[in-house]
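Below is one structure, written out as structure tokens; comments come after it.
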Amino acid sequence: MRILGIDNVLFAVGDLDAAIDHYRRLGFELRFRLPDPPIALFAIGEERPGLLVRAEGTTGGGRVWVEVDDASAAGDQLRRRGLDVADPIATATGRTVEVTDPWGNVVGFADYSLRPELARGRVATPRSGRPRAER
């Protein structure tokens with residue numbers, strides 16, 4: 001068997017309407033919503049895989065990190081939207097800030113400020129002042 005890549009990331013939530021509001025506030029774009037089963041799929045940037053939330057009896061425990069140009073700036077923007085953002089985490093590639101939804105799922109916003117050569121193909125200057133390399 002050969003792993004080809006991510007299909008979708010799935011999170012269990014207790015209230016689909018509240019989850020749609022929460023993930024839109026995080027900056028995710030809603031691709032579609034279905035009533036049965038009660039699911040909503042959000043785009044993750046330009047990637048083909050998405051973030052799928054499903055209203056279920058059991059909730060929480062999922063974790064996904066998405067890449068951003070600057071994790072600290074993303075955290076500041078999310079705080080301005082009224083979200084509770086954890087302090088930045090130092091990682092081997094840069095920094096990550098995390099937001100936990102009301103059901104215990106976590107979305108991290110990670111930058112590659114320490115390893116710009118691993119970042120996706122765009123040029124940006126994170127707060128560290130070092131430009132990102134193109135891939």
Side-chain angles (χ1 to χ4, degrees):
M1 175 181 71
R2 183 170 68 111
I3 304 295
L4 300 175
I6 295 173
D7 175 43
N8 288 300
V9 176
L10 287 73
F11 283 174
V13 299
D15 180 322
L16 191 59
D17 289 326
I20 289 171
D21 179 59
H22 176 81
Y23 286 99
R24 280 182 167 160
R25 288 176 56 211
L26 284 178
F28 288 91
E29 178 186 334
L30 181 66
R31 284 188 181 155
F32 66 81
R33 175 188 182 155
L34 297 175
D36 189 27
I39 62 172
L41 183 72
F42 296 89
I44 300 177
E46 298 298 318
E47 305 285 334
R48 193 170 154 202
L51 172 62
L52 186 131
V53 297
R54 180 177 176 149
E56 296 183 0
T58 59
T59 61
R63 181 176 301 250
V64 64
W65 285 5
V66 297
E67 183 182 343
V68 296
D69 288 321
D70 185 324
S72 295
D76 292 343
Q77 184 178 15
L78 295 169
R79 283 184 196 93
R80 285 192 300 273
R81 293 179 187 172
L83 294 158
D84 185 22
V85 180
D87 290 335
I89 301 165
T91 67
T93 56
R95 293 177 308 264
T96 300
V97 296
E98 293 183 321
V99 177
T100 303
D101 75 13
W103 306 277
N105 300 298
V106 177
V107 175
F109 298 84
D111 68 34
Y112 283 70
S113 55
L114 296 179
R115 297 288 309 271
E117 70 277 9
L118 299 177
R120 284 177 167 72
R122 60 182 174 273
V123 176
T125 304
R127 285 189 183 172
S128 67
R130 293 186 303 204
R132 291 182 185 267
E134 297 243 4
R135 282 209 284 185

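Leu10 is not connected to Phe28 by any chain of hydrophobic side-chain contacts under 4.5 Å among Ile, Leu, Val, Met, Phe, Trp and Tyr, and they are in different clusters. Note on Leu118 and Ile89: separate hydrophobic clusters, where clusters join Ile, Leu, Val, Met, Phe, Trp and Tyr whose side-chain heavy atoms are under 4.5 Å apart, directly or indirectly.
A pairwise comparison of heavy atoms in Ala74 and Val68 identifies CB-CG2, 4.2 Å as the closest pair. When every heavy atom of Arg79 is checked against every heavy atom of Ala86, the shortest pair comes out as NH2-O, 3.6 Å. Annotation for Gly27 and Arg81: closest pair N-NH1, 3.3 Å, computed over non-hydrogen atoms. Among all heavy-atom pairs drawn from Ser113 and Gly94, the shortest one is OG-CA, 3.6 Å.
Note: Ile39 CD1 to Leu34 CG = 4.5 Å, rounded to the nearest 0.5 Å. Distance check, rounded to the nearest 0.5 Å: CG of Asp70 to OH of Tyr112 gives 14.5 Å.
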Expected list for residues 97-108: side-chain donor-acceptor pairs under 3.5 angstrom, two or more places apart:
| unit_1 | atom_1 | unit_2 | atom_2 | d |
| --- | --- | --- | --- | --- |
| Glu98 | OE1 | Arg63 | NH1 | 3.1 |
| Glu98 | OE2 | Arg63 | NH1 | 2.5 |
| Glu98 | OE2 | Trp65 | NE1 | 2.9 |
| Asp101 | OD1 | Trp103 | N | 2.8 |
| Asp101 | OD1 | Gly104 | N | 3.0 |
| Asp101 | OD1 | Asn105 | N | 3.0 |
| Asp101 | OD2 | Tyr23 | OH | 2.6 |
| Asp101 | OD2 | Asn105 | ND2 | 3.1 |
| Asn105 | OD1 | Gly62 | N | 3.0 |
| Asn105 | ND2 | Ala12 | O | 2.9 |

Donor-acceptor pairs under 3.5 Å, side chain of residues 41-61 to any protein atom, not counting sequence neighbours: which ones?
| unit_1 | atom_1 | unit_2 | atom_2 | d |
| --- | --- | --- | --- | --- |
| Glu47 | OE2 | Arg120 | NE | 2.9 |
| Glu47 | OE2 | Arg120 | NH2 | 3.0 |

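Looking at heavy atoms from C-beta onward, Val66 lies in side-chain contact with Phe109 at the 4.5 angstrom threshold.
With sequence neighbours left out, Thr91 forms a side-chain hydrogen bond (donor to acceptor under 3.5 Å, both in side chains) with Thr93.
Note on residues 20-44: pairs passing salt bridge (Lys or Arg N to Asp or Glu O under 4.0 Å), not counting sequence neighbours, are Asp17-Arg33.
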